[in-house]
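In each ligand, atom 1 is the first atom listed, and ligand 1 is the first ligand listed.
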Amino acid sequence: MKNVLRALIFDEQVSLTLADTTSIVKEGARLHRLTKDAAVVFGKTLSAMTFMSACLKGETGEISLSVKGDGLGGEIGVSGNRKLYMRGFIENPLATGSETAIWGENGSLTVIRDDGYARPFVGACAFPKKGGVDEAFEEYFRISEQLPTRFQTVVKTDENGAVVFAGVAVLQPLPFADEQTIEKTWNADLSALLDGAQGRGVDEAAKQAFGKSGTVWEARSAQYKCNCSREYLTRVLVSLGEAQMREIIQSDGAVRVHCHYCNTDYEFTEADADRVFANK
Ligand SMILES: [Zn+2]
């Protein structure tokens, strides 16, 4: 499903990104067995990073975020790439409380963006004095990337705590945008836009809100997908060396590796070591 739309609106003076991240947030909540409240905060962060991944330029581009704050959720990490494969973790998946209680009042965002053809860009900002996830990202765009940005994420849950909709809407005036357009950007109703995306999909919602003046330049699919695999970890173990691998198996019974991005456990036993090093 094409769930990420990027378009130029308001006489091509403003870039719009509208994404339905429901499937990504649902999968993140399922893999990490999140409480409803943790799913909201983690889901908003995943949605924000889906937007930032959609902005990557090079085909091999990657971006990662680390959030360290005093909230009940603990550390949050999210990574994405140009293919829009998203993954992440929240340190305390069982956290409950308000968005601010889980996200924290004091803390920082650090973003490492690698567009795939230059040295990675590292940006950081402290949490602003007030607000939750959206306010922290707005602060990040303002301070670190010097881009005026209207930004809103949403995660809606039902009475059982299941995620029913998640999304992100972003408006960024281009450098040559005139005063009137900037004012229109600031007055645009992003909540209504996200409600529209929930009801009719990103494409129809954007058309309804901005009419035919919009020029779509990208419609893509984003999903929750970790890049770990047994094959990849096997290569890591080979580089560790046979002696070391066998030593760990001897003392612990197996080499156990946990991927915190997708909450998967891998186990490598004596038989795996025999097979891996058979041809060495
Ligand atoms: Zn993984």
Point to revise | Distance-only donor-acceptor check, side chains R150 and T185, under 3.5 Å | key: no

Check your understanding: Excluding waters, which protein N, O or S atoms are within less than 2.8 Å of the Zn ion (ligand 1)?
Key -> C226 SG, C228 SG, C259 SG, C262 SG

Please report the interatomic distance [atom1]([X]) to [atom2]([Y]), rounded to the nearest 0.5 Å.
{"X": "E62", "Y": "N81", "atom1": "CD", "atom2": "CG", "answer": "6.0 Å"}
{"X": "R30", "Y": "Y224", "atom1": "CZ", "atom2": "OH", "answer": "10.0 Å"}
{"X": "R246", "Y": "S251", "atom1": "CZ", "atom2": "OG", "answer": "13.5 Å"}
{"X": "L46", "Y": "T50", "atom1": "CG", "atom2": "OG1", "answer": "6.0 Å"}

Practice item. For residues F141 and F51, establish whether the separation of their ring centroids is below 6.0 Å. Key: yes

